[in-house]
J.: 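Pasting in a structure now, in structure tokens, and then I'll have a few things to ask.
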Amino acid sequence: MSDSAKTAPQTTVATTPNAGPDSGIPDGQTPRMLVIDGHSMAFRAFYALPPENFATDTGQHTNAVHGFTSMLLTMIRQQRPTHVVVAFDLDTPTFRSLEYTEYKGGRNKTPEEFYGQIDLIIKVMEAMRIPTISVDGFEADDIIATLSTQGEAAGWDVLVVSGDRDAFQLITDKVLVLYPKKGISDIPPMDAEAVETKYFVPPNRYSDLAALVGETADNLPGVPGVGPKTAAKWLKQYGSLDGIMENIDSIGGKVGESLRAHVDDVVRNRRLNHLLRDMELPVAINDTVLQAPDREAVEELFDALQFNTLRKRLFDLFGEEEAADDGEGHEVPAHQVVSDAAALGAWLGAGANGELAAVDVLSEKAGLAHEAVAVALVRKESAVVVDLGTADAELETALAAWLSSDAPKVVHEYKEALKALSVRGLDLGGVVDDTSLSGYLIQPDRRSYELPELSQVHLKVTFEAGGKDSGQLDLGLEGDSRFADAVQRGYVALLLSEHFAPMLAERGADGLLTGLELPLAAVLAQMELTGIDISQERLATLLSDFTAAMNAAQEAAFAAIGHEVNLGSPKQLQEVLFEELGLPKTKKIKTGYTTDAASLKALLEKTGHEFLAQLMAHREASKLKQMVETLKKSVADDGRIHTTYAQNVAATGRLSSNNPNLQNIPVRTEEGRRVRDIFVVSEGYECLLAADYSQIEMRIMAHLSGDAGLIQAYAEGEDLHRYVGSHVFGVAPEDVTSAMRSKVKAMSYGLAYGLTSFGLSKQLEISVDEARTLVKDYFDRFGGVRDYLRGVVEQARIDGYTSTIEGRRRYLPDLASTDRQLRELAERVALNSPIQGSAADIIKRAMLGVDAQLKAKELNSRMLLQVHDELILEIWPGELDAVKALVIEQMGAAAQLQVPLEVQVGVGASWNDAGH
DNA sequence: CTGTTAACGTA
DNA sequence: CGTACGTTAACAGG
């Protein structure tokens, strides 16, 4: 990572009158001026980089700015100009467009993502102290021509950067054109020779040639039938366009006639493509001397644009080290590998009382889990490493005591550290920050919270990841560098933690961190280590059953069409269904027509084709078989499955589960539920207990909206959907039909996801008008819900974020997007996030309560799984009643809402049996 | 070998 | 044109 060392100052000798002390022009060198066509290069950059990959949190696209800046830095590095200037067109009419209204007409509309990027480029130029010029009524090309003429007259070298071929007329011995071929990296210089090779005329005749041939980019038609070769032949014969005009009647052949017929166009073209070389410019060439950038302005602007690699490149180019975070030096402390308890004690004693230390745990794969092999303890100024492989008992005891103590610690990925230490019998206490969690709370929709990334984004400091668990072969030699990496990670975590503390406080998220997420990490670590028992026999049976069903369906499907086909390939299926069998087309997707389950079902109902029935049976069986196979592969040596929960993946605050995902085990169909039968109670335990919240999202909706009707329904313990149905349809509760109930149910849940009338009509297979009426009737009766939903989006637009009941935020910059699709998605997200996120808060709180009560009551029962609104526990013999009671109590008390939180509990020998 | 798409499982 | 996830096979590109 970068440190505080500053490089030696560069030699700075001014050779031009206006060159300031910052200019880096070596004495006696010919000045070299880079003249850039701003718009042309911005467009090149825009089309070379995908806009979706370059945007700030506020939704401003920056791909053109990024590409332009990158290209500029590359050219400064390669060409080493002493002077740089950028010319821009204005939106106002020019003398050309006034004379010929079709000038540059027919061009595509400027893409929306391009808006604002020219202004940003100009700001970047200001920060870099590079002058920009634009003149009302004139084009950048004229400015460029004037500048290059002035530069040449002063005896300078000039490099014109433009994607416009008109610039070729400027080429001389002293003036070269850098013409980008494609993208922003391939920009070969064009000299006179290159122009002659390509167009068969010298640069000073290029405009003549272009007038004859025409220029599609400028919407200037040329002489039909005349290309560069013919034009060049004539120019060679008659010397110039004027020469051609004088002899126009003696030019024979069809092209000669064509020329005479279009002579007006040619004259006009020549007048328009002639560049002005004698404009009055607001900037003299001597004012364009390249200076060191305005450091502060660059920092501020690049922060806003989130240009971190460019910032580094820029400062590297100008021979300056990047400013450290806060001006302080960032220096990873040297470390000492302690070999005895006394040395560790000395280091621990040297720390100020209550001083924060980082802990980084090095681990290696041991069986299925990771086991700690070394621990780095890092403070700002010093660090030690304890190698658990060589530590004696006394040292390990001393380390264990400190690790489990209340001494404040910061960790990156606390849960992983806990697990690795736990495997070795060590505990970790006093953790006040996990930077992977605090980073998440600050910005919950990042893709990753890896240390190098957080460092780059928040500290603007780059460091290479050492590969925490990369040391597959521990040859001893690697020890030192792995230790150094651990110390570095600890140091970065320490800096990040300091950086995050005020940000968390400002967001009111510090309580969420220390009161919820950190303690939850410890609970999750234990759940992951415990895992859930698997019945190998049932698993084997299921696998063979599903395999048989899959094969049978496949055979039958082949028989139905008379040949084989890969049923798993949507592409091949499309061919069979829509071409071979000529079935009606389904919904369009990118690659043709969908073959998803809903469409197949509709097709089957319409046509009754046997192939469809078998295909659907095959889909179901193969999906289940594949899932069972995955589960089988993830059974550990202890006969159990240990999922991993991700605490910082779902932007709403939910957990996610992977390796394997135990949050998507089937439950809706009879066959699918058989998969739940393989998850069984462990030997020595009495049963599994499944406890889930009843309609938690609707209850949260009732609470947040304060809608009197909904609250009353829940208070009276009514069937919510029946109650709502009776009011929406104006019938007595007992007269609500099941069709009415399911309509209302779909709508109630849909509202929490930002459902539109269109979507509702689709789902209920009714017309949009009917759906709209349904929504209206719903809102007429439950106005609180409508007001709440409306208010959520409005408030989020004002604040820039939504909040859950525990104050967990989600930032939604796209609410301000001009892209309707993006904006409306953000609106739906704004509707859903407080509800889904609050439900996540509640069950997390409940998990802490259940865990605490199990410990307080010294029970042996344990929590195994969480599935968003459901907890699975394993019950120790004799503890069922006690655990059932405490689970209901803790889950019910996890939040104080305006409606009761109802919990349903089931027990059984398998997960399926415990379900209800 | 990598990334993307379609499909589908859960809440 | 209803949110949040993870996993898989097939496929396309390098």
Side-chain angles (χ1 to χ4, degrees), chain A residues 444-445 565-574 586-600 615-616 618-631 633-634 643-669 671-673 675-676 692-698 701 746-764 768 771 775 789 802 810 812 820-821 823-837 839-840 843 865-871 911 915:
Chain A
D445 51 9
V565 60
N566 183 349
L567 297 177
S569 164
K571 200 179 153 206
Q572 294 182 34
L573 284 178
Q574 282 181 44
T586 55
K587 197 175 64 179
K588 265 237 173 220
I589 54 172
K590 281 182 193 170
T591 54
Y593 300 93
T594 183
T595 67
D596 67 10
S599 306
L600 292 183
L615 171 59
M616 290 171 71
H618 177 269
R619 277 262 177 89
E620 186 185 2
S622 73
K623 181 86 185 174
L624 289 170
K625 184 208 136 193
Q626 169 261 103
M627 180 171 271
V628 172
E629 263 179 350
T630 308
L631 291 174
K633 278 187 216 140
S634 40
T643 187
T644 304
Y645 289 102
Q647 223 176 330
N648 56 8
V649 166
T652 50
R654 274 191 177 180
L655 298 178
S656 75
S657 155
N658 63 34
N659 272 305
N661 182 356
L662 295 189
Q663 290 179 323
N664 72 340
I665 304 300
V667 72
R668 287 169 204 192
T669 66
E671 284 296 281
R673 268 196 298 278
V675 179
R676 294 194 167 213
D692 69 76
Y693 283 113
S694 160
Q695 299 178 340
I696 188 166
E697 295 196 340
M698 278 313 296
M701 171 91 95
M747 181 156 48
S748 288
Y749 277 102
L751 289 175
Y753 300 143
L755 187 66
T756 59
S757 298
F758 180 88
L760 187 66
S761 71
K762 206 114 201 247
Q763 192 188 328
L764 296 180
V768 179
V775 173
L789 294 174
T802 60
R810 177 160 185 192
L812 297 170
R820 200 179 83 176
Q821 209 173 327
R823 188 179 59 250
E824 290 180 345
L825 174 62
E827 287 168 1
R828 294 193 296 273
V829 169
L831 292 175
N832 178 250
S833 290
I835 295 170
Q836 189 183 121
I843 195 162
L865 304 176
Q866 188 252 44
V867 191
H868 307 308
D869 68 351
E870 176 184 21
L871 295 178
W911 187 1

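Every heavy atom of this structure was used, including side-chain atoms; hydrogens, water molecules and symmetry mates were not.
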J.: When you measure from the side chain of A:Tyr645 to the backbone N and O of A:Gln866, does any donor-acceptor pair fall under 3.5 Å?
T.: yes
J.: In whole angstrom, give the distance that lies between atom CD of A:Gln647 and atom P of C:dA4.
T.: 20 Å
J.: Could you tell me whether A:Leu751 contacts a base, only the sugar-phosphate backbone, or nothing, with contacts defined as non-hydrogen atoms closer than 4.0 Å?
T.: nothing
J.: Check salt bridge (Lys or Arg N to Asp or Glu O under 4.0 Å) between A:Glu827 and all other residues, then give those that pass, not counting sequence neighbours.
T.: A:Arg797
J.: What are the 5'-most and 3'-most nucleotides of DNA chain B lying under 4.0 Å from any heavy atom of chain A?
T.: B:dT5 to B:dA11
J.: Tell me if a side-chain donor or acceptor on A:Ser657 pairs with a main-chain N or O of A:Leu662 at a distance below 3.5 Å.
T.: yes
J.: Counting any heavy atom closer than 4.0 Å, what does A:Ser757 reach on the DNA or RNA strands: base, sugar-phosphate only, or nothing?
T.: nothing
J.: Would you indicate whether the side-chain heavy atoms of A:Ile665 and A:Leu631 approach each other to under 4.5 Å?
T.: yes
J.: Reckon A:Ala752 touches a base, only the sugar-phosphate, or nothing at all at heavy-atom distances under 4.0 Å?
T.: nothing
J.: What pairs with A:Asp869 under side chain to side chain donor-acceptor pair (under 3.5 Å), at least two apart in sequence or on another chain?
T.: none
J.: With a 3.5 Å distance limit and no angle check, can you tell me whether A:Thr586 reaches the backbone of A:Thr594 through a side-chain donor-acceptor pair?
T.: yes
J.: Provide the distance between the two P atoms, one in B:dT4 and one in C:dG2, to the nearest whole Å.
T.: 25 Å
J.: Roughly, in whole Å, what's the span from OH in A:Tyr753 to P in C:dT3?
T.: 10 Å
J.: Report the distance from atom CG of A:Leu825 to atom C1' of C:dG2, rounded to the nearest whole Å.
T.: 10 Å
J.: Under the 3.5 Å rule, do the base of C:dG2 and the side chain of A:Gln763 count as making a donor-acceptor pair?
T.: yes
J.: Return the value, rounded to whole Å, for the distance between atom NE2 of A:His868 and atom P of C:dT3.
T.: 16 Å
J.: Taking distance alone, no hydrogens or angles, what donor-acceptor pairs closer than 3.5 Å link side-chain atoms of residues 620-628 of chain A to residues at least two apart or in another chain?
T.:
unit_1, atom_1, unit_2, atom_2, d
A:Ser622, OG, A:His618, O, 3.1
A:Ser622, OG, A:Arg619, O, 3.3

J.: Rounding to a whole Å, what distance do you find between A:Gln836:CD and C:dC5:C1'?
T.: 8 Å
J.: For A:Glu697, which contact category applies under a 4.0 Å heavy-atom criterion: base, sugar-phosphate, or nothing?
T.: nothing
J.: Heavy atoms under 4.0 Å, any strand shown: does A:Arg810 hit a base, just sugar-phosphate, or nothing?
T.: sugar-phosphate
J.: My understanding is that only residues two or more places apart in sequence, or in another chain, count here; which of them pass salt bridge (Lys or Arg N to Asp or Glu O under 4.0 Å) with A:Arg673?
T.: A:Glu670
J.: Where along nucleotides 7-14 of chain C does protein come under 4.0 Å, by heavy atom, of base (B) or sugar-phosphate alone (S), with - for untouched nucleotides?
T.: SS-SSS--
J.: What does A:Arg828 touch in the nucleic acid at a heavy-atom separation under 4.0 angstrom: a base, only the sugar-phosphate, or nothing?
T.: sugar-phosphate
J.: Check the distance between C:dT3's P and A:Met701's CE and give it to me in whole angstrom.
T.: 14 Å
J.: Counting any heavy atom closer than 4.0 Å, what does A:Ala597 reach on the DNA or RNA strands: base, sugar-phosphate only, or nothing?
T.: sugar-phosphate
J.: Using every non-hydrogen atom in the two residues, find where A:Ala752 and A:Asn832 come nearest and quote the distance to one decimal.
T.: O-ND2, 3.0 Å
J.: Rounding to a whole Å, what distance do you find between A:Tyr645:OH and C:dG6:P?
T.: 13 Å
J.: Using a heavy-atom cut-off of under 4.0 Å over every strand shown, decide if A:Arg668 touches base, sugar-phosphate, or nothing.
T.: base
J.: Across the strands shown, which category fits A:Lys762 at heavy-atom distances under 4.0 angstrom: base, sugar-phosphate, nothing?
T.: nothing
J.: Indicate yes or no: at least one non-hydrogen side-chain atom of A:Tyr593 is less than 4.5 angstrom from one of A:Leu573.
T.: no
